[in-house]
Amino acid sequence: MLAILLGTALAVAGVEGNSQPEEQQEQWFLLQMGGDPSDPNDYTITGGSPSNCVVGDHRCAILAEEDATNPGKPTQDGVDDPAREVFRSQQ
């Protein structure tokens with residue numbers, strides 16, 4: 001009986017130990033007015049794609065993963081990647 005309980009406990013622990021972290025999804029982040037485009041802290045997460053950006057000369061928003069250690073902010077990799085610069089605005 002003890003062997004069965006021990007075997008079950010080990011099997012459950014093995015299954016829990018193999019769980020993979022959830023894949024992070026990309027989010028939209030708006031650059032604050034006058035913010036530094038290279039600073040993740042100058043971005044604010046949005047609920048969807050930004051609608052108030054127009055074609056122009058300055059970064060307005062990016063699509064990036066949220067920083068797990070700084071909720072509501074994009075990762076530094078997302079900020080640094082020029083391909084993420086989807087919308088621009090005139091400022």
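These figures come from a predicted structure and were not determined experimentally. Because only heavy atoms are used, hydrogens play no part in the values below, and waters and symmetry mates are left out as well, while side chains stay in.
- Inter-residue side-chain proximity for Arg59 and Val79 is flagged as met; some heavy-atom pair is nearer than 4.5 Å.
- For the pair Ala61 and Leu30, the tightest heavy-atom approach, listed with the atom from each and the gap, is CB-CD2, 3.7 Å.
- With rounding to the nearest 0.5 angstrom, the CG atom of Asp81 is 11.0 Å from the CD atom of Glu65.
- Residues Ala64 and Gly78 approach most closely at CB-CA, 3.8 Å, considering heavy atoms.
- Looking only at side-chain heavy atoms (C-beta outward), Lys73 and Ile45 stay at 4.5 Å or farther from each other.
- The CG atom of Leu63 sits 8.5 Å away from the CD atom of Gln27 when rounded to the nearest 0.5 Å.
- Taking all atoms of both residues into account, the shortest heavy-atom contact from Trp28 to Ile62 is CE3-O, 3.3 Å.
- Judged by distance alone, the side chains of Asp77 and Thr75 never bring a donor and an acceptor atom under 3.5 Å apart.
- Checked by atom type and distance alone, the side chain of Asp42 never pairs as donor or acceptor with a backbone atom of Gln32 at under 3.5 Å.
- Side-chain contact between Pro37 and Tyr43 is present, with at least one heavy-atom pair separated by less than 4.5 Å.
- Proximity of a side-chain donor or acceptor of Gln25 to a complementary backbone N or O of Glu66 within less than 3.5 Å is not detected.
- Asn70 and Asn41 share a side-chain donor-acceptor pair at under 3.5 Å.
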